[in-house]
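Heads up, the thing below is written out as structure tokens.
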There are 4 protein chains.
Amino acid sequence: MSSSSPQARRGNTRQRIQDIALELFAEQGYEKTSLREIAERLEVTKAALYYHFKTKEDIIISVFEDLTRPIDELIEWAEQQPRTLETKREVLRRYSEAMAAGSPLYRFMQENQATMRELSIGETVKRRLFTLVELLRTEDGPLTDQVRCVSALFTLHAGMMFLQHVEGDPEETRQAALEVATDLITQAHQAS
Amino acid sequence: MSSSSPQARRGNTRQRIQDIALELFAEQGYEKTSLREIAERLEVTKAALYYHFKTKEDIIISVFEDLTRPIDELIEWAEQQPRTLETKREVLRRYSEAMAAGSPLYRFMQENQATMRELSIGETVKRRLFTLVELLRTEDGPLTDQVRCVSALFTLHAGMMFLQHVEGDPEETRQAALEVATDLITQAHQAS
Amino acid sequence: MSSSSPQARRGNTRQRIQDIALELFAEQGYEKTSLREIAERLEVTKAALYYHFKTKEDIIISVFEDLTRPIDELIEWAEQQPRTLETKREVLRRYSEAMAAGSPLYRFMQENQATMRELSIGETVKRRLFTLVELLRTEDGPLTDQVRCVSALFTLHAGMMFLQHVEGDPEETRQAALEVATDLITQAHQAS
Amino acid sequence: MSSSSPQARRGNTRQRIQDIALELFAEQGYEKTSLREIAERLEVTKAALYYHFKTKEDIIISVFEDLTRPIDELIEWAEQQPRTLETKREVLRRYSEAMAAGSPLYRFMQENQATMRELSIGETVKRRLFTLVELLRTEDGPLTDQVRCVSALFTLHAGMMFLQHVEGDPEETRQAALEVATDLITQAHQAS
DNA sequence: AATGAATGAGCCTTCATTCAT
DNA sequence: TATGAATGAAGGCTCATTCAT
């Protein structure tokens with residue numbers, strides 16, 4: 001699998017910490033995962049983690065920043081586009097892709113919302129979500145249409161998290177979720 | 001709100017523990033809430049908690065059992081009904097109501113999924129969710145329709161959790177979410 | 001020496017922690033003394049210390065408060081007396097006695113000044129010392145006389161700390177230091 | 001003050017380490033100052049410190065040796081002089097000057113006595129102090145006169161440390177302290 | 001019905017130090 | 001003349017839990 005000779009590990013310890021940490025955080029939750037555990041899996045000492053990251057929180061923050069950059073870029077892009085239906089569809093498409101690419105992180109965020117709220121990145125996540133909704137929704141439309149936009153986003157999440165446990169091919173499921181989500185914003189868009 | 005004179009508290013300590021515990025668990029998360037904190041808020045000692053509950057987990061379990069009974073009853077009822085659209089609508093309606101009635105618990109479960117998975121009740125929650133989906137969905141329909149059913153459920157959740165932070169009147173929002181969810185299963189139902 | 005059967009220790013653990021802690025702090029310094037060490041000497045666990053005190057700092061603070069009360073009382077008393085030479089002599093006399101009574105603490109404070117400065121009590125100590133000087137000195141006298149008053153106080157400290165290592169009978173040394181200190185303030189008092 | 005361009009720093013790193021270390025040790029205490037902190041202030045790595053000094057203790061020792069040489073020379077000189085009052089006065093004068101010249105170190109030693117005791121130089125300091133007292137005092141005189149000699153030394157210390165926080169011009173204060181100290185040994189000398 | 005006192009395990013973090021490069 | 005990467009030991013502190021009273 002991954003090379004495990006001490007020489008081969010040189011120079012990429014930081015990356016390895018991020019990988020293992022995310023894996024464990026997603027699997028067991030943030031608070032239930034101790035730095036001891038992460039260190040053991042990497043066959044280094046706890047102190048080595050502190051050479052690369054200032055705190056436990058720092059580890060998840062760094063992973064977060066790496067893996068959510070696409071979302072930031074998506075938002076930046078979308079803010080410059082006209083608020084057309086096609087733009088909204090593209091937003092959902094790219095959002096779905098970004099989630100698929102960083103799926104363990106998104107799973108982590110979904111399942112550790114209480115933790116996220118106390119983390120310094122929690123605020124960022126929240127703001128980002130609101131901005132995204134803002135980009136999808138139609139101002140002054142009926143309440144149900146606002147809900148449909150939020151629902152579209154949550155459908156993508158559901159597609160990633162929940163549905164994967166049930167249905168068959170992940171990619172196929174993701175596409176189906178994307179279709180349903182697109183349907184929802186389409187309804188909302190056309191109503192107004 | 002609740003009576004706070006020492007005499008008035010006599011005999012209902014168990015209930016008070018459950019109330020405060022749920023409040024704190026929902027607010028700060030399960031692991032971040034210590035028994036010390038709960039005890040302090042109740043102005044009793046930690047040891048007193050152990051008179052009423054065997055473990056920390058026991059507290060949340062007991063709350064869970066009290067507040068999710070309506071869901072169990074809903075499932076029992078639905079399983080005896082014909083799989084008509086009207087039945088499905090009724091399921092959503094009652095599910096939405098149950099969530100509104102025990103909202104701190106549902107918020108807790110949503111925001112502490114990682115924790116729930118390790119708790120003994122986690123399995124129950126999961127099974128219940130699957131059963132609910134089973135009752136809503138149409139077998140052998142296209143994948144998108146299956147997704148729509150799951151999405152309907154998640155829309156109700158979104159209506160409770162996320163939307164409350166944004167829109168105005170909670171009850172109005174809940175109704176809107178219910179309407180969107182009903183729409184979704186209606187589409188799914190009619191397609192087949 | 002002290003009773004060491006578990007029964008006999010019941011109920012006075014708090015006191016025992018204070019005693020041993022002060023002893024170790026005075027012997028090895030504050031930072032060099034770990035809670036583990038204190039706990040081991042008491043044959044309890046570290047956690048037991050935390051039942052009785054909120055932090056390590058809390059331990060030394062509580063000892064400090066117990067053992068410096070006489071100084072506070074002395075200051076209160078002195079502030080109500082006329083600023084006569086006799087009053088000043090009495091201040092020195094009682095100060096010397098208070099130090100003798102709580103000598104390990106005073107040794108600790110003298111030898112851990114850098115630490116004291118960071119502790120919350122550091123400020124108190126400093127203020128108290130200034131007040132004491134204020135009570136002894138003669139306003140508007142020549143600078144040398146001000147120095148003599150400070151010097152008198154330091155002579156008492158020297159009598160406690162340094163001289164004990166050298167000369168013979170502690171009590172005799174203390175009396176000698178007191179005499180020299182009294183001489184110093186007498187000179188300062190009469191000059192003006 | 002000190003040149004800070006990288007080129008200018010070449011070759012005097014050792015000196016810079018000593019300077020910053022002493023500054024921090026005096027400011028925050030020995031144990032509270034970490035090598036990381038020193039390295040950061042110098043904008044080098046911790047490992048660089050180990051190129052110049054074998055251990056943390058080594059740093060303070062080297063500073064100590066540089067700055068206390070005058071005292072050693074003073075003692076050597078005094079031991080060859082007749083035990084006259086004039087000699088004693090000269091001892092105090094030069095001692096006071098040496099302290100003024102290396103004041104951060106002397107402040108450090110005063111405020112970190114507990115630490116000093118564990119350091120290898122602690123013994124040296126103590127021995128030196130005893131020798132100094134020996135040179136000032138009059139053998140076989142009454143105990144109070146012995147105390148006066150010790151008190152004279154402590155007065156100089158007080159003049160450096162404590163009084164600086166209060167009175168105005170440092171140099172003036174130092175002179176006043178020297179005068180009081182001289183008075184004390186004069187009394188002691190003449191009594192016999 | 002509840003308290004006082006304590007425990008054992010574990011947590012995050014920091015430190016002085018080392019060594020190959 | 002220094003750095004990058006890591007270690008071993010320890011530190012202060014918190015937690016869920018227990019039990020005699």
Side-chain angles (χ1 to χ4, degrees), chain A residues 6-7 9-14 17 31-39 42-59, chain B residues 6 9-14 17 31-39 42-59, chain C residues 6-7 9-14 31-39 42-59, chain D residues 6 9-14 31-39 42-59:
Chain A
Q7 302 95 293
R9 293 207 309 248
R10 270 287 150 71
N12 66 340
T13 303
R14 197 190 139 94
I17 294 173
E31 7 260 338
K32 292 278 266 287
T33 303
S34 69
L35 294 187
R36 179 184 50 67
E37 207 173 346
I38 296 174
L42 289 165
E43 291 177 293
V44 295
T45 56
K46 266 185 292 171
L49 305 184
Y50 279 91
Y51 177 77
H52 295 281
F53 297 95
K54 252 175 48 197
T55 61
K56 184 185 182 184
E57 188 171 342
D58 238 50
I59 299 179
Chain B
R9 287 201 317 238
R10 274 283 152 73
N12 65 343
T13 302
R14 196 190 137 93
I17 294 173
E31 3 262 340
K32 292 278 266 288
T33 303
S34 68
L35 295 186
R36 177 181 52 64
E37 205 174 349
I38 297 174
L42 289 165
E43 293 177 288
V44 296
T45 55
K46 267 183 296 174
L49 304 184
Y50 280 90
Y51 178 81
H52 294 282
F53 298 95
K54 248 180 37 209
T55 63
K56 184 186 183 184
E57 189 171 343
D58 242 46
I59 300 179
Chain C
Q7 301 94 294
R9 291 204 313 243
R10 268 289 148 71
N12 65 341
T13 303
R14 198 191 137 93
E31 5 262 338
K32 293 278 266 286
T33 304
S34 70
L35 295 187
R36 179 183 50 67
E37 205 174 347
I38 298 173
L42 289 166
E43 290 176 294
V44 296
T45 57
K46 265 185 295 172
L49 305 185
Y50 279 92
Y51 177 77
H52 295 280
F53 297 94
K54 252 176 45 196
T55 61
K56 185 185 181 185
E57 187 171 344
D58 239 50
I59 300 179
Chain D
R9 281 190 336 229
R10 274 283 153 74
N12 64 343
T13 302
R14 196 189 139 92
E31 4 261 339
K32 291 279 265 289
T33 303
S34 67
L35 294 187
R36 178 181 53 63
E37 206 173 348
I38 297 173
L42 289 165
E43 292 176 291
V44 297
T45 56
K46 266 184 295 174
L49 305 184
Y50 279 90
Y51 178 80
H52 294 282
F53 298 95
K54 249 180 39 208
T55 64
K56 185 185 182 184
E57 189 171 343
D58 242 47
I59 300 179

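- Of the candidates dG12(F), dT18(F), dG8(E), dT18(F) carries the atom nearest the Tyr50(B) side chain, counting heavy atoms from C-beta on.
- In this model, the phosphate group of dA2(E) is approached by a side-chain N or O of Thr13(B) to a distance below 4.0 Å at OP1 or OP2.
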Could you tabulate the donor-acceptor pairs under 3.5 Å formed by side-chain atoms of residues 48-55 of chain A, not counting sequence neighbours?
residue	atom	partner	partner atom	Å
Thr55(A)	OG1	Glu57(A)	N	3.4
Thr55(A)	OG1	Asp58(A)	N	3.0

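- In this structure, CD1 on Ile59(D) lies 5.5 Å from CG on Leu35(D), to the nearest 0.5 angstrom.
- The heavy-atom pair separating Thr33(C) from Lys56(C) by the smallest distance is O-NZ, 3.0 Å.
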Strand DNA chain E as a dot-bracket string - pairs counted if Watson-Crick or G-U with both distances under 3.5 Å, | where the partner lies in another strand:
.||||||||||||||||||||
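- Atoms CD1 (Ile17(A)) and P (dT7(F)) sit 10 Å apart, rounded to a whole Å.
- A straight line from CZ of Phe53(D) to P of dA2(F) spans 12 Å, rounded to a whole angstrom.
- If you take CD on Glu37(C) and OG on Ser34(C), they are separated by 5.0 Å, rounding to the nearest 0.5 Å.
- Comparing atom distances between the Ala48(D) side chain and each of dA2(F), dC15(E), dC11(E) picks out dA2(F) as nearest.
- In terms of position on DNA chain F, the residue among Leu49(D) and Arg36(C) whose nearest nucleotide sits closer to the 5' end is Leu49(D).
- Lys32(B) meets the salt bridge (Lys or Arg N to Asp or Glu O under 4.0 Å) test with Glu118(A); sequence neighbours excluded.
- Proximity note for Ala47(D) (side chain, C-beta onward) versus dT3(F), dT17(F), dG4(E): the nearest is dT3(F).
- With DNA chain E read from its 5' end, the first of the two nearest nucleotides for Glu57(A) and Lys54(D) is the one closest to Glu57(A).
- Counting only heavy atoms from C-beta on, Val44(C) has its side chain closest to dT7(E) among dG8(F), dT17(F), dT7(E).
- Along DNA chain E, the nucleotide nearest to Lys32(D) and the one nearest to Tyr51(C) differ in position, and the one closer to the 5' end is contacted by Tyr51(C).
- The separation between Ile38(A) atom CD1 and dT13(E) atom C1' is 14 Å, rounded to whole Å.
- Side chains of Ile17(B) and Leu42(B) form a contact here, defined as non-hydrogen atoms less than 4.5 Å apart.
- The shortest distance between the side-chain N/O atoms of Ser34(A) and the OP1/OP2 oxygens of dC11(E) is below 4.0 Å.
- The distance between atom CG of Leu35(C) and atom P of dA9(F), rounded to the nearest whole Å, is 21 Å.
- Evaluation of the salt bridge (Lys or Arg N to Asp or Glu O under 4.0 Å) rule for Arg36(C) yields Glu40(C) as partners, not counting sequence neighbours.
- Map Lys56(C) and His52(A) each onto its nearest nucleotide of DNA chain F; the residue landing nearer the 5' end is His52(A).
- At whole-Å resolution of the value, CD1 in Ile59(B) and P in dC15(F) are 14 Å apart.
- Asn12(D) has its CG atom 13 Å from the C1' atom of dT1(F), to the nearest Å.
- Picking from dT3(F), dA6(E), dG12(F) the nucleotide with the shortest atom distance to the side chain of Lys46(B) gives dA6(E).
- We find that CD of Glu31(A) is positioned 12 Å from P of dA16(F), with the value rounded to whole Å.
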